[in-house]
Every structure is written in C-alpha cells, then in structure tokens.
There are 2 protein chains.
Amino acid sequence: MTAKLSIDLDRSSPVPLYFQVAEQISEAIQRGDLPPGSRLDNEILLADRLGLSRPTVRQAIQYLVDKGLLVRKRGVGTQVVHGQVKRSVELTSLYDDLRRAGQEPATRVLVLETGPADERVAAILGVPAGAEVLRLERIRYAAGEPLALLHNWLPVGLAPLTAEGLQERGLYELLRSAGVRMRVANQRMGARAATATEARLLGERRGAPLLTMLRTTYDDQGRAVEHGSHVYRASHYSLEVTLIER
Amino acid sequence: MTAKLSIDLDRSSPVPLYFQVAEQISEAIQRGDLPPGSRLDNEILLADRLGLSRPTVRQAIQYLVDKGLLVRKRGVGTQVVHGQVKRSVELTSLYDDLRRAGQEPATRVLVLETGPADERVAAILGVPAGAEVLRLERIRYAAGEPLALLHNWLPVGLAPLTAEGLQERGLYELLRSAGVRMRVANQRMGARAATATEARLLGERRGAPLLTMLRTTYDDQGRAVEHGSHVYRASHYSLEVTLIER
DNA sequence: GACATCAGAATGTCATGACAAATATGGCCC
DNA sequence: GGGCCATATTTGTCATGACATTCTGATGTC
C-alpha cells in the first residue's frame with residue numbers, strides 16, 4: 001500500500017529539513033492519509049522524490065520512530081503503527097496536559113515564599129542545607145473541581161515568578177519562557193490515603209485514595225531546576241505515559 | 001577537563017561500532033572515570049583518535065544523550081549530566097524491576113486459561129469480540145510479602161505459557177524468549193481503594209489505597225501483545241520513570 | 001570600567017557513496 | 001503439494017566532506 005503523500009519543503013526556512021519532513025508525515029498520519037499499517041515508500045525512493053539525501057530522510061523517520069508513530073523492520077520497510085499511541089513521553093506539566101485536553105485549568109496559589117531549605121530538599125536541589133529556596137503551594141482546578149494539591153521547591157533566582165503568572169500560565173511555561181531548558185525528569189508515582197488537611201482542600205473525604213507524584217526536573221546541564229511533591233484526586237485523574245524501546 | 005578514556009574497538013564483532021563506543025563511555029561514567037560535569041573531547045578529535053568517522057561517534061553520543069547520561073550544547077561541548085539519573089525509560093516488567101533491585105520475586109498463578117474475550121479486551125487487543133484469548137491472574141510476592149495482583153490478557157498462540165514458566169521467569173521474559181519483540185507500551189497509572197477481595201489477597205485492610213496500572217504493550221508491527229490491569233500495594237511499592245525531552 | 005564587537009570552537013545539519021544484514025518472495029526440487 | 005534455497009528488497013551501519021549555527025571568551029572602543 002504505497003501512500004502518495006505530498007511534502008512541501010522550504011529550504012529557506014530555519015526549520016531543519018528532516019524536521020519539516022517528520023512533521024508533515026506526522027500530520028498525514030493524524031489526518032488519516034496514512035492509515036495504521038500502511039507502508040511508507042522506501043528511504044531511497046523517498047529521498048529521491050523529495051530531493052533530499054538518504055541520511056536526512058532517515059533522520060526524519062528515526063524521529064518519528066522514537067516518538068512511537070512509525071515502526072521499521074529491516075528487509076521489510078517502514079509502517080505506521082497499528083495501536084493508536086496517544087503521545088510520546090514528554091516533559092509536560094499538569095497544566096499543559098489539561099490545556100491539551102480542552103479543559104480550562106485554574107490555579108489558586110496558597111504559598112509563594114522563600115525560606116531556608118531543609119536537608120532533604122537541599123540535597124535534591126543540590127544546594128547547601130539552609131540555603132534560600134522558593135517554596136510554592138498551589139491547588140489546581142479543572143472544570144471548577146479541585147483536582148490536585150501541588151507542592152514545589154525551586155532554586156531562587158531562576159525565573160521571576162508571580163502569583164498572577166502562575167495562575168495564568170503554569171509553572172513549566174513560566175520557566176521555559178525565562179530561558180530554562182528542561183531536559184530530564186525523574187518521576188516516582190505512588191498512592192496513599194488522604195490526610196484530613198488534604199481531604200478538606202480537595203473536597204474528598206478523609207482516607208480517600210490519592211495518586212502521589214514526586215518529580216525532580218533537571219536542565220540542560222543537569223542542574224535541578226524544580227522539585228515537586230504532588231497529590232491528585234484518584235477519582236478525577238490518572239497519569240499516562242508511553243514507553244518506547246529503542 | 002579533558003578525560004582520557006580508553007576505548008577498545010573490535011571491528012570483527014557483529015556489535016555495531018557506535019554501540020561499542022556508547023557502552024564503553026557509559027561504563028566509564030558508571031565507574032566514575034568520567035565524573036558528572038566533565039567534558040568529553042569534541043567529536044572530531046574523538047573520531048580521529050578512535051579511527052572512526054564523525055557520524056559514528058555522533059551516533060554513539062546521541063544514544064547516550066537519549067538515555068539521559070550526556071548533555072550536548074552547540075558551541076560548548078558534551079558533558080556528563082550532574083544529577084544522577086537512575087535509568088532510562090525502559091520496557092520492563094515488575095519481575096525485572098524486582099530482580100534488578102536484588103529482591104527475590106515469587107509468583108503464584110491463580111488463573112491461566114483461555115476463554116472468549118469480552119468487548120473491552122477484544123477492542124484493546126485488536127481481535128474480534130468473542131475470540132479466544134488467554135487470561136492470566138497472578139499474585140507477585142517480594143521478600144515473602146504479597147506486593148501486587150496482576151491481571152493479564154494475551155492473544156492466543158503468541159507464546160507457550162505454563163504456570164511453571166511464569167513462576168520462574170516472569171511474563172516479559174517468556175515473551176521475549178519466544179521471539180516477541182515488544183516496542184511500545186501505553187501505560188496509565190491511578191489509585192483507588194482496595195475491594196474486599198483485593199484486600200484479602202494482598203493482606204491489606206479493605207479500603208487501603210492501591211496504585212493501579214493499565215498497560216497495553218505493542219510489538220514490532222504495532223500489534224497488541226499484552227494487556228494488563230494491575231494493582232499494587234501502595235504501602236510497599238511505587239513506580240519510577242525517567243522522562244527525557246529530545 | 002563597562003559595553004559592544006569579533007574570532008574561535010563546538011555541535012547541528014545535509015549530501016554522497018558503499019557495503020552488510022535481515023526479511024520476504026518466488027522458483028525449484030523432491 | 002510441501003519444504004528448501006537463491007534472490008531481490010529494504011533498512012542498518014559506516015566513511016568522507018562541507019557549511020551553518022550557537023556559544024564563549026577575548027579584544028577593542030567609548
């Protein structure tokens with residue numbers, strides 16, 4: 001099933017060619033032009049038709065393979081995956097996820113202050129114990145319902161954070177626009193029963209099951225930029241990730 | 001800080017050169033020969049010294065960047081990440097995780113039978129509703145304590161599964177050795193309170209918080225090879241993943 | 001002394017060419 | 001008709017060469 005997908009290239013654009021190719025193949029898959037299981041033309045032919053070299057086409061395909069959209073097999077070819085994979089593993093915040101899902105997220109900032117780091121937080125963030133760190137406590141709502149209780153610690157001076165900014169744009173977006181380039185995150189998920197305080201803030205009864213998440217995010221150079229300890233109402237939220245084996 | 005790491009290449013080996021390079025750099029990092037923050041030699045010099053081309057060296061480095069061990073910055077160089085990243089996102093089973101952690105996992109097989117698939121499972125596995133599928137129910141123990149209740153559905157005829165095999169080697173290892181090549185998994189995590197049955201099997205009290213996981217694994221060609229619905233004792237287990245932004 | 005400009009260094013992107021390895025397909029033989 | 005084998009196809013790996021882009025640091029000017 002050779003699909004005839006048309007790809008326009010703009011060689012004057014600063015966007016890399018392999019990325020232009022990858023994006024347009026990705027769009028064709030989303031549109032349904034390339035149904036699951038369909039075969040792409042082979043790399044040589046594709047390169048020839050696009051006026052590109054094979055390595056460039058390979059790079060584009062590899063990018064989509066890493067995202068879980070395509071599957072390659074030597075001697076066979078490249079196919080669109082069958083099972084609809086939601087989306088690749090990405091460094092997103094709850095805020096991003098909600099926005100993407102079309103829900104209107106709202107935030108109430110409970111705490112936004114600097115103070116000395118306790119031993120645990122200092123070790124995680126890689127600062128001396130007792131050094132000043134920014135502490136953040138928020139409630140996240142979706143569709144008017146409380147959804148999660150968010151607790152964060154950040155090194156001071158990383159980005160100018162205000163309660164207004166946090167309410168309107170979310171922590172990750174603020175960090176990104178301040179030039180912080182987040183690259184790796186370590187995330188641990190668990191569950192436990194709600195304490196009385198948590199139950200009150202989230203509108204659950206005491207002892208209700210909560211989904212917990214500990215996350216530490218590192219930047220470009222491996223420096224910790226954020227540590228979070230969050231609890232989600234299990235009745236209203238679950239976390240999804242896609243794992244890909246190289 | 002130019003590190004002098006020695007890399008031996010075996011050109012007669014079937015192992016790709018880029019992979020040999022990547023593994024030996026990775027080992028040097030684990031050993032501590034390349035401490036966090038240290039800079040690698042630049043790609044051109046490295047290629048020259050190893051007698052390889054720059055693309056091959058780049059491929060090796062890219063592989064480690066994807067695993068979260070290295071960080072590259074244009075105009076600067078390649079560095080070992082600071083924060084110790086545990087391990088990359090991998091397609092592993094609970095059995096693998098426990099083995100790696102040094103715990104001796106044990107399994108009790110409760111159910112191992114074929115039967116008609118209900119509508120939900122049929123849709124997930126991509127088989128006609130009512131088709132025969134393999135159903136599996138197990139309890140996983142670690143250090144003598146019950147840890148999780150595992151529920152799986154698989155297409156029939158994928159691999160010869162026996163209760164003995166499952167007890168000794170785990171599901172994923174059995175699938176792998178049967179030639180099933182798992183590539184992508186979609187995983188959803190949540191939490192809920194234990195039912196009476198679950199509480200009894202796991203040695204918790206009724207209503208205790210459980211970590212839940214739904215996972216569907218796809219192979220090479222995007223065909224679903226396994227669907228699981230598992231519950232873990234939140235008091236004894238949490239799930240860790242590492243996210244990497246390309 | 002502070003700021004702007006410029007040069008060097010490193011990775012990012014892309015092209016061309018070649019051979020190796022794995023898979024599926026078809027034909028041949030039994 | 002079924003199984004084995006040669007072959008064509010396709011991706012995997014590797015080499016060489018070139019130019020672009022970005023960041024750092026040093027130099028020079030005001």
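Chain letters run A, B, ... following the sequence lines, proteins first and then strands; every chain starts at 1.
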Reading 5' to 3' through nucleotides 13-19 of chain C, protein heavy-atom contacts under 4.0 Å coded B for base, S for sugar-phosphate only, - for none: BSBB-B-
Watson-Crick or G-U pairs under 3.5 Å in DNA chain D, rendered as dot-bracket with [ ] for crossing pairs and | for another strand: ||||||||||||||||||||||||||||||
Nearest whole Å is fine: how far is [N] [atom2] from [X] [atom1]?
| X | N | atom1 | atom2 | answer |
| --- | --- | --- | --- | --- |
| A:Gln79 | C:dA24 | CD | P | 10 Å |
| B:Ile44 | C:dA10 | CD1 | P | 9 Å |
| A:Asp48 | D:dT11 | CG | P | 14 Å |
| B:Leu46 | C:dA10 | CG | P | 12 Å |
| A:Asp41 | D:dT9 | CG | P | 15 Å |
| A:Leu45 | D:dT10 | CG | C1' | 12 Å |
| B:Leu40 | C:dT11 | CG | C1' | 13 Å |

Short side-chain N/O contact from A:Arg72 to OP1 or OP2 of D:dG12, under 4.0 Å: yes
Any B:Thr78 side-chain N or O less than 4.0 Å from OP1/OP2 of C:dT11: yes
Will you find, in the side chains of [X] and [Y], an N or O donor that is under 3.5 Å from an N or O acceptor?
| X | Y | value |
| --- | --- | --- |
| A:Tyr172 | A:Thr217 | yes |
| B:Gln187 | B:Arg215 | yes |
| B:Arg140 | B:His230 | no |
| B:His151 | B:Arg138 | no |
| A:Glu226 | A:Asn152 | yes |

Less than 4.5 Å apart, side chain to side chain, heavy atoms only: is that true for [X] and [Y]?
| X | Y | value |
| --- | --- | --- |
| A:Arg135 | A:Thr114 | no |
| B:Leu40 | B:Gln79 | no |
| A:Leu69 | A:Val80 | no |

Between the protein and nucleotides 6-9 of chain C, list every N/O to N/O distance that falls short of 3.5 Å.
none

Whether over 12 other heavy atoms sit under 6.0 Å from B:Gln30 CD: yes
More than 12 heavy atoms of other groups within 6.0 Å of B:Glu113 CD: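 For B:Glu113, atom CD is crowded (more than 12 foreign heavy atoms under 6.0 Å).
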With B:Leu46, the side chain to side chain contact (heavy atoms under 4.5 Å, CB included) member among B:Leu52, B:Ile7, B:Val57: B:Val57
